[in-house]
J.: 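This is the structure I want to talk about, given as structure tokens.
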Amino acid sequence: MTQDRASWLIKDEATLAELVDLMNLSSAEANLLQEMSAAAKDVAPQMTKAFYDRLFAHPQTAEYLQGVGIDRLHGMVQEWFAGLFCGVYDKTYAGRRLRIGEIHVRIGLPVRYPLAMLDVVMPFGETVAKQSAQPEAAAAAFRKVLALDVAIFNQAYEDNQLRHLAELVGGERLARRLLTGA
Ligand code: HEM
């Protein structure tokens, strides 16, 4: 039988604070990102265009975009990208990022697609970082916040599965044990 784990007690928005700690995201790094906020806003429309070009070119992802207000989505993804450089990674930030993950859970989107989209997002973040007075430190800070976002996005998927399984079997501990496959 798997033993209980301390990580199982960390829930919802608290996961971000835990991950900030795990990743050693410092306030100097957060400030560095904030300094590039305007540069990130400038690059965001280009990033978003590449993002949707990629999704529309693949039939299985394009299917999710049929009948969706694409102009609105463009704006929200731009905001999401610029948000990586907001400089404040607190509970409100975590909540906002979790909600974005939940929206994708609700449309039945397999998590492999958002994860694969990092290939599009990463080079644009690196382009922004190059404009910093400390480009290497800025790129390292960007990789951290992107990793945090991916982790939170994924957490929304895991929480959803766990919640449903826990309801079905009558408790989270049992659900977690079943998910280990043991
Ligand atoms: C890095 C990955 C992704 C990010 C950061 C992202 C970001 C967002 C954001 C910020 C929203 C608006 C959420 C809101 O209404 O508050 C959204 C909605 C949406 N996204 Fe994504 N997305 C990602 C991947 C994908 C992929 C791979 C697809 C598949 C085609 C997709 C399809 C959609 C759809 C259909 C909506 C609208 C949902 C609705 O309002 O019913 N997204 N996304």
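Here the structure is a predicted model, which means the values were calculated and not measured. Only this structure's heavy atoms are used, side chains among them; waters, hydrogens and symmetry mates stay out. Both counts, for ligands and for their atoms, begin at 1 and track the order of listing.
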J.: Check for a donor-acceptor pair, side chain of R143 on one end and backbone N or O of M122 on the other, with a separation under 3.5 Å.
T.: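 Not at all, since once roles are kept as given, no pair shorter than 3.5 Å links the two residues.
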J.: Please indicate whether R99 has more than 12 foreign heavy atoms, meaning atoms of other residues, nucleotides or ligands, lying under 6.0 Å from its CZ.
T.: yes
J.: Which is it for M47 and V77 under the side chain to side chain contact (heavy atoms under 4.5 Å, CB included) test, yes or no, and what are the steps along the way?
T.: CA-CA 9 Å; M47 193 295 288; V77 171; 3.8 Å; yes
J.: If you draw a 6.0 Å radius around CD in E136, do more than 12 non-hydrogen atoms from other residues or ligands fall strictly inside?
T.: no
J.: Starting from atom 41 (O) of ligand 1, locate the nearest protein heavy atom and write down its residue, its atom name and how far away it is, to 0.1 Å.
T.: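 Answer for atom 41 (O) of ligand 1: I107 CG2, 4.0 Å.
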J.: Please verify the inter-ring angle class for F153 with H104; under 30° counts as parallel, over 60° as perpendicular, anything in between as tilted.
T.: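 Geometry flag for H104 against F153: tilted rings.
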J.: Among all the protein's non-hydrogen atoms, which is closest to atom 35 (C) of ligand 1, and how far away is it?
T.: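 Sorting protein heavy atoms by distance from atom 35 (C) of ligand 1 puts Y64 O, 3.3 Å first.
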J.: Who's the nearest protein heavy-atom neighbour of atom 30 (C) of ligand 1, and how far?
T.: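 Minimum-distance protein heavy atom for atom 30 (C) of ligand 1 reads T61 O, 3.2 Å.
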J.: Can you tell me which residue and heavy atom of the protein come closest to atom 3 (C) of ligand 1, and the distance to 0.1 Å?
T.: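 Protein heavy atom with the smallest distance to atom 3 (C) of ligand 1: F51 CZ, 3.5 Å.
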J.: Spell out the protein N/O/S atoms under 2.8 Å from atom 21 (Fe) of ligand 1 as residue plus atom name.
T.: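 Listed by chain and number, the atoms are H104 NE2.
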J.: Do any heavy atoms of F81 fall under 4.0 Å from ligand 1?
T.: no
J.: Donor-acceptor pair, distance only, cut-off 3.5 Å: does the side chain of Y93 make one with the backbone of G87?
T.: no
J.: Is it the case that the side chain of Y52 and the backbone of A50 share a donor-acceptor pair, with hydrogens and angles ignored and the cut-off at 3.5 Å?
T.: no
J.: I need the atoms of ligand 1 closer than 4.0 Å to a non-hydrogen atom of R72, numbered in the order shown.
T.: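 The atoms of ligand 1 under 4.0 Å from a heavy atom of R72 are 15 (O).
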J.: I'd like to check M117 versus R54 (side-chain heavy atoms, cut-off strictly below 4.5 Å). Are they in contact?
T.: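 With C-beta onward as the side chain, the pair touches.
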J.: Looking at E167 and R163, is any side-chain nitrogen of the basic one under 4.0 Å from a carboxylate oxygen of the acidic one?
T.: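 Result for this pair is no, no salt bridge flagged.
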